[in-house]
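Worksheet: one structure, shown below.
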There are 2 protein chains.
Amino acid sequence: MREFSRSLPMSLLRAREAVMRQFRPSLRQHGLTEQQWRILRALAAIGAVEVTELARTAFLLGPSLSRILRDLEARHLIERKTAKEDQRRSMVSISEKGVKLMAVVAPTSEAIYAEITRRFGTRKLADLQEMLGELEQSLAGLGSADEAIAEE
Amino acid sequence: MREFSRSLPMSLLRAREAVMRQFRPSLRQHGLTEQQWRILRALAAIGAVEVTELARTAFLLGPSLSRILRDLEARHLIERKTAKEDQRRSMVSISEKGVKLMAVVAPTSEAIYAEITRRFGTRKLADLQEMLGELEQSLAGLGSADEAIAEE
DNA sequence: CGAATTCATTTAACATGTTAAGTATCTCTC
DNA sequence: GAGAGATACTTAACATGTTAAATGAATTCG
């Protein structure tokens, strides 16, 4: 069997951890987790969105997002209001307090990203992201929760 | 600010998820999580190891590993015995039952990996892993839990 | 119209990630 | 050789990942 530590999943895991390790301390100082920060950024970029689309954008599963939104709302960092036409949907948006928090955190976050880019190289970073996108594309539609049924 | 969904952390997260989505159903059919599978593979490759080194090899934090080993031991998939010279250390190894389980799971797992390799391309896969390793290297020693202290 | 179905979101249950604290053992030093 | 410190591992507490089930609201279809 392939040497365990050289598998693709491990390479991806180690690389991502190396990157996230840079951001976590700064976020933590402001009481934010990686996921909470993703949600705030997504909301700031998009504006008001439904929960389902926010999940797609921030790449979080519904249950995780549901819990995090509850907490962020309790901290008044986001706002929620149910849609008038469809009572099932709720529109989520970042609050003024959330915007202010982002303004505090963003500079450090940007500086860290810049340092990572500097160390790894701008060109290599672009190449890497290109390859990661291609990898994702090449696997699209393979494990979409349909193929596994045949094995049951 | 940089378009959120194109950040390096997101690219890495999406790519890894695309890959792991392929493996999870098969592992799940055998009652294994991704992390439990990593541990079994690591043990099969290395033999008997201390918990701390296993954590390094399987890329898991101590507390996670501690819990998982407790469960795997209860399922008789691994074995543990405290070292004679140093009562603090315990040597972990895969059990016969664990080996048999691996023999059942491995073929499917290998087939999935082969399919991923085929779709993405052997050469590109090697290139990608090379770049991921370089990224990890270029960030080594940056966020080793020391630099954040200056900010406190 | 009304039951069945679909859809958006939440809750539940269990496993892991993450940081801090605890426990037991070992080592080192005076 | 006794106490301070270091080391290996575990527990605790809280946040998220993951799958299944529940809830409530809209839609479809007979």
Side-chain angles (χ1 to χ4, degrees), chain A residues 9 13-14 16-17 20-21 23-39 49-56 58-75 78 80-92 143 145 148-149 152, chain B residues 9 13-14 16-17 20-39 49-56 58-75 77-78 80-92 143 145 148-149 152:
Chain A
L13 181 59
R14 299 174 70 98
R16 186 172 141 83
E17 177 53 28
M20 289 316 302
R21 196 195 335 267
F23 291 98
R24 265 191 286 267
S26 158
L27 293 177
R28 190 157 207 289
Q29 285 190 335
H30 299 281
L32 289 175
T33 65
E34 171 196 339
Q35 293 83 355
Q36 292 167 351
W37 179 239
R38 282 217 303 276
I39 291 172
V49 279
E50 299 171 15
V51 173
T52 301
E53 191 189 334
L54 181 55
R56 200 161 32 236
F59 210 69
L60 291 168
L61 293 178
S64 293
L65 181 56
S66 200
R67 279 176 309 212
I68 299 174
L69 289 180
R70 166 168 48 71
D71 298 347
L72 291 179
E73 191 175 21
R75 290 164 66 184
I78 66 162
R80 234 188 315 199
K81 55 181 176 184
T82 47
K84 296 145 197 164
E85 345 77 54
D86 191 338
Q87 297 285 79
R88 293 172 304 182
R89 303 164 195 269
S90 75
M91 300 300 284
V92 186
I149 294 174
E152 290 180 13
Chain B
L13 181 59
R14 298 174 71 97
R16 186 171 142 85
E17 178 53 28
M20 289 315 301
R21 195 193 339 267
Q22 313 304 320
F23 291 99
R24 265 191 286 266
S26 157
L27 292 177
R28 191 157 205 289
Q29 285 190 335
H30 299 283
L32 289 175
T33 66
E34 171 197 338
Q35 293 83 356
Q36 291 167 350
W37 180 239
R38 281 216 304 276
I39 291 171
V49 279
E50 299 171 14
V51 172
T52 300
E53 192 188 334
L54 181 56
R56 200 161 33 235
F59 210 68
L60 292 168
L61 293 178
S64 293
L65 182 55
S66 202
R67 279 178 307 215
I68 299 173
L69 289 181
R70 165 167 49 71
D71 298 347
L72 290 179
E73 189 175 21
R75 291 164 65 185
L77 295 175
I78 66 163
R80 236 189 312 201
K81 54 180 176 182
T82 45
K84 296 145 196 163
E85 345 76 56
D86 190 339
Q87 298 286 79
R88 294 171 304 181
R89 303 166 194 268
S90 74
M91 301 301 284
V92 185
I149 295 175
E152 290 180 13

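We name chains A, B, ... by the order of the sequence lines, and we start the count at 1 in each one.
- At a threshold of 4.5 Å between non-hydrogen side-chain atoms, the residues A:R67 and A:R70 count as touching.
- For A:D86, taking side-chain heavy atoms from C-beta onward, the closest of the listed nucleotides D:dT19, D:dA25, C:dT9 is D:dA25.
- Look at CD on A:Q35: it is 9 Å from P on C:dT18, rounded to the nearest Å.
- A:R67 comes within 4.0 angstrom of a nucleotide base, judged by non-hydrogen atoms across all strands.
- Taking atom CD of residue A:E53 and atom P of nucleotide C:dC7, one finds them 17 Å apart after rounding to whole Å.
- Taken from CG in B:L72 to CD in B:Q35, the straight-line distance is 11.0 Å, to the nearest 0.5 Å.
- Ranking C:dT16, C:dT18, D:dA15 by closeness to the A:T33 side chain, first place goes to D:dA15.
- Of all nucleotides listed (D:dA8, D:dT19, C:dT18), D:dT19 comes nearest to the side chain of B:R24.
- Here D:dA8 presents its P atom at 15 Å from CG of B:L54, a figure rounded to the nearest Å.
- Once rounded to the nearest 0.5 Å, the distance linking NZ of A:K81 with CE of A:M91 reads 8.0 Å.
- Paired with B:R38 under the rule side chain to side chain contact (heavy atoms under 4.5 Å, CB included), one option of B:L32, B:T33, B:L60 passes, and it is B:L60.
- Checked against D:dG17, C:dT19, D:dC9, the side chain of A:L61 finds its nearest nucleotide in D:dG17.
- Salt bridge absent: B:R88 and B:E50 never bring a charged side-chain N and a carboxylate O closer than 4.0 Å.
- B:L69 places its CG atom 16 Å from the P atom of D:dA8, with the value rounded to the nearest Å.
- The side chain of B:L60 sits closest to C:dG17 out of C:dG17, C:dT18, D:dT10.
- Nucleic acid contact for A:L65: none, since no nucleic acid atom lies under 4.0 Å from a heavy atom of the residue.
- Listed nucleotides D:dG17, C:dT9, D:dA13 differ in distance to A:S64; the shortest reach to its side chain belongs to D:dG17.
- Position along DNA chain C of the nearest nucleotide to B:D71 versus A:R70 favours A:R70 as the more 5'-ward residue.
- Candidate nucleotides D:dA20, C:dA15, C:dT19 were compared by shortest atom distance to the side chain of B:R28, and D:dA20 ranks first.
- One interatomic measurement links the two molecules: CZ of A:R89 to P of C:dC7, which rounds to 10 Å at whole-angstrom precision.
- If you take CD of B:Q87 and C1' of C:dC26, they are 10 Å apart, rounded to a whole angstrom.
- Looking at the side chain of A:V51, the nearest of the listed nucleotides D:dT18, D:dA26, C:dT9 is C:dT9.
- Atom CG in A:L27 sits roughly 12 Å away from atom P in D:dT16 (whole-Å rounding).
- A:E50 has its CD atom 17 Å from the P atom of D:dA25, to the nearest Å.
- Comparing C:dT19, C:dT9, D:dT18 against the side chain of A:P63 picks out D:dT18 as the nearest.
- Of the inter-residue distances, the one linking B:L65 atom CG with B:I39 atom CD1 reads 5.0 Å to the nearest 0.5 angstrom.
- For B:R88, whose side chain is taken as the heavy atoms from C-beta onward, the closest listed nucleotide among D:dG17, C:dA24, D:dA15 is C:dA24.
- Contact between the side-chain N/O atoms of A:R80 and the OP1/OP2 oxygens of C:dT10 is found at a separation under 4.0 Å.
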